[in-house]
Asks: 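Below: one structure in structure tokens.
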Protein chains: 2
Amino acid sequence: MGDMALTAKGRATRQRIIEGAAAYLRGDDPAGVTLDDIRAITGTSKGQIFHYFPDGKEELFLAVARHEARRVLEDQRPHLGALTSWPAWQRWRDSVVARYRAQGRSCPMGALLSQVGSTPGAAEVVSTLVAQWQFEIAEGIHDMQAAGLVRPAVDAERVAAAFIAGIQGGVQVLRTTGSIEHLEAALDTLIDHLRG
Amino acid sequence: MGDMALTAKGRATRQRIIEGAAAYLRGDDPAGVTLDDIRAITGTSKGQIFHYFPDGKEELFLAVARHEARRVLEDQRPHLGALTSWPAWQRWRDSVVARYRAQGRSCPMGALLSQVGSTPGAAEVVSTLVAQWQFEIAEGIHDMQAAGLVRPAVDAERVAAAFIAGIQGGVQVLRTTGSIEHLEAALDTLIDHLRG
DNA sequence: GATTTTCTGGACCGGTCGGTCCACTGTGGT
DNA sequence: ACCACAGTGGACCGACCGGTCCAGAAAATC
């Protein structure tokens with residue numbers, strides 16, 4: 001895949017497919033998304049799809065998943081990078097809640113995962129995203145501990161992992177029941193825990 | 001569905017289909033489970049499946065989901081019903097971890113949900129399960145507060161919601177990456193939080 | 001400007017899978 | 001004994017969908 005010869009036009013088309021697919025996945029019930037949908041949305045043809053993603057659906061969806069994973073992180077980078085005070089944590093919390101409230105029931109990552117299933121590629125994408133996200137949260141906790149705002153006894157990595165789990169689960173409940181209160185409860189409770 | 005006339009034999013067959021499907025869903029990649037798989041596993045025929053579940057796949061899967069939801073709760077009822085001491089909480093935590101560790105990457109509920117998708121029926125099943133589960137945890141927290149073991153300032157419902165989110169998310173991470181540490185971290189951190 | 005390579009379009013194929021249909025076999029009531 | 005209706009088996013269908021193939025347009029390379 002990486003050794004494919006692409007002209008500027010080719011790169012543009014490839015990108016158009018990925019972003020179009022991502023946007024579509026974001027807004028629609030992902031369970032039944034077909035290559036033909038994506039073809040229609042992105043104004044391309046079957047030939048192009050298989051030209052740029054020779055391994056077909058799985059390769060395309062993995063590319064989209066990677067794209068979305070990067071989006072998730074970059075979306076919160078400004079907040080994630082500066083978790084050095086309680087108001088900063090609150091702002092981060094609000095941005096997460098706002099993001100998923102706006103996104104409604106559709107979760108791009110969850111979408112992709114249910115499609116790609118349990119292929120090794122999917123596991124790798126998720127692992128990378130989770131690890132990165134967790135790392136940044138743990139960094140924030142360490143910063144707070146360095147500033148004397150959080151007890152040193154707190155295991156930063158463990159609490160960061162709990163954050164990840166809480167967010168994932170909160171989003172999942174949001175997706176299937178439409179209620180965002182679990183996401184809020186998870187974030188608030190864990191921040192409370194940091195406050196001690 | 002409820003007004004169908006069923007003889008003893010009929011009820012037995014219907015149950016065999018549900019339980020066989022549930023067992024199969026529990027052990028296999030649920031993404032690609034077909035009616036024909038279920039037919040083969042349960043030793044039945046297409047005719048029977050549509051005889052007992054006239055609305056086809058969706059009705060059958062919803063029945064299985066309800067069956068699994070009940071199983072999840074009953075599985076933990078002994079622990080959930082008696083969260084009145086710290087050792088009891090620990091035992092509950094261990095049972096949850098053990099259950100999902102044994103189950104490995106396969107999550108019956110998650111399985112069903114990804115199949116049934118976002119139909120109203122699915123939302124109802126999940127809502128019911130979540131509400132019930134959360135209620136029992138909240139009861140436990142209330143008991144602890146009554147016994148003076150947990151600060152009265154703790155919002156039992158909110159923390160219970162956080163538990164639900166943490167468990168769901170932990171299981172999801174387990175499913176996609178194979179690591180159980182997020183589930184453990186979520187449970188441990190929240191119990192820690194209760195301890196204050 | 002010739003040629004080689006990439007890009008694009010879309011007809012087509014083959015397998016899969018949910019769902020239908022109908023003939024046949026119990027089974028329980030009278 | 002009969003009959004109505006539940007239960008069972010499996011052939012069959014039609015839609016859908018991922019994937020193939022090839023022919024022609026457009027660029028790049030020389």
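In the text below, chain A, chain B and the rest are named by the order of the sequence lines, each starting its count at 1. All heavy atoms count here, side chains included; hydrogens, waters and symmetry mates do not.
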Asks: Given side chains that start at C-beta, do those of A:Trp133 and A:Thr128 come closer than 4.5 Å, heavy atoms only?
Replies: no
Asks: Can you check the B:His51 NE2 to D:dG10 P distance for me, whole Å?
Replies: 17 Å
Asks: Are A:Gln48 and A:Arg39 side-chain neighbours, meaning at least one heavy-atom pair lies under 4.5 Å?
Replies: no
Asks: Using whole Å, what does the distance between atom P of nucleotide D:dG9 and atom CD1 of B:Ile17 come to?
Replies: 10 Å
Asks: In whole angstrom, give the distance that lies between atom CG of B:Asp55 and atom C1' of C:dG18.
Replies: 13 Å
Asks: What is the distance from CG of A:Leu6 to C1' of C:dT8, rounded to the nearest Å?
Replies: 14 Å
Asks: D:dT8, OP1 or OP2 - any side-chain N/O from B:Thr44 closer than 4.0 Å?
Replies: no
Asks: OP1 or OP2 of C:dG10 less than 4.0 angstrom from a side-chain nitrogen or oxygen of A:Lys46, does that happen here?
Replies: no
Asks: Less than 4.0 angstrom between a side-chain N/O of A:Thr7 and OP1 or OP2 of C:dC7, yes or no?
Replies: yes
Asks: Parallel, tilted or perpendicular: which one describes the rings of A:Trp86 and A:Trp89, with boundaries at 30° and 60°?
Replies: tilted
Asks: Can you check whether A:Tyr52 has a side-chain N or O nearer than 4.0 Å to OP1 or OP2 of C:dT6?
Replies: no
Asks: Any side-chain heavy atom of A:Glu58 within less than 4.5 Å of one from A:Phe61?
Replies: no
Asks: Would you mind reading off the distance between A:Arg39 atom CZ and C:dG10 atom P, rounded to a whole angstrom?
Replies: 8 Å
Asks: Please give, in whole Å, the distance from D:dG18 P to A:Lys57 NZ?
Replies: 4 Å
Asks: To the nearest Å, how far apart are A:Phe50 CZ and D:dC21 P?
Replies: 12 Å
Asks: Are A:Glu19 and A:Arg26 ion-paired here, with the side-chain N under 4.0 Å from a carboxylate O?
Replies: no
Asks: Hey, does A:Gly47 reach any base, or is it just sugar-phosphate, or nothing, if we go heavy atoms under 4.0 Å?
Replies: base
Asks: Below the 4.0 Å mark, does C:dG18 have OP1 or OP2 next to a side-chain nitrogen or oxygen of B:Thr34?
Replies: yes
Asks: Distance check needed: C:dG19 P versus B:Ile38 CD1, whole Å only.
Replies: 11 Å
Asks: Any side-chain N or O of B:Lys9 less than 4.0 Å from the OP1 or OP2 oxygen of C:dT27?
Replies: yes
Asks: Check this one for me: any side-chain N or O of A:Gln48 less than 4.0 Å away from OP1 or OP2 of C:dC7?
Replies: no
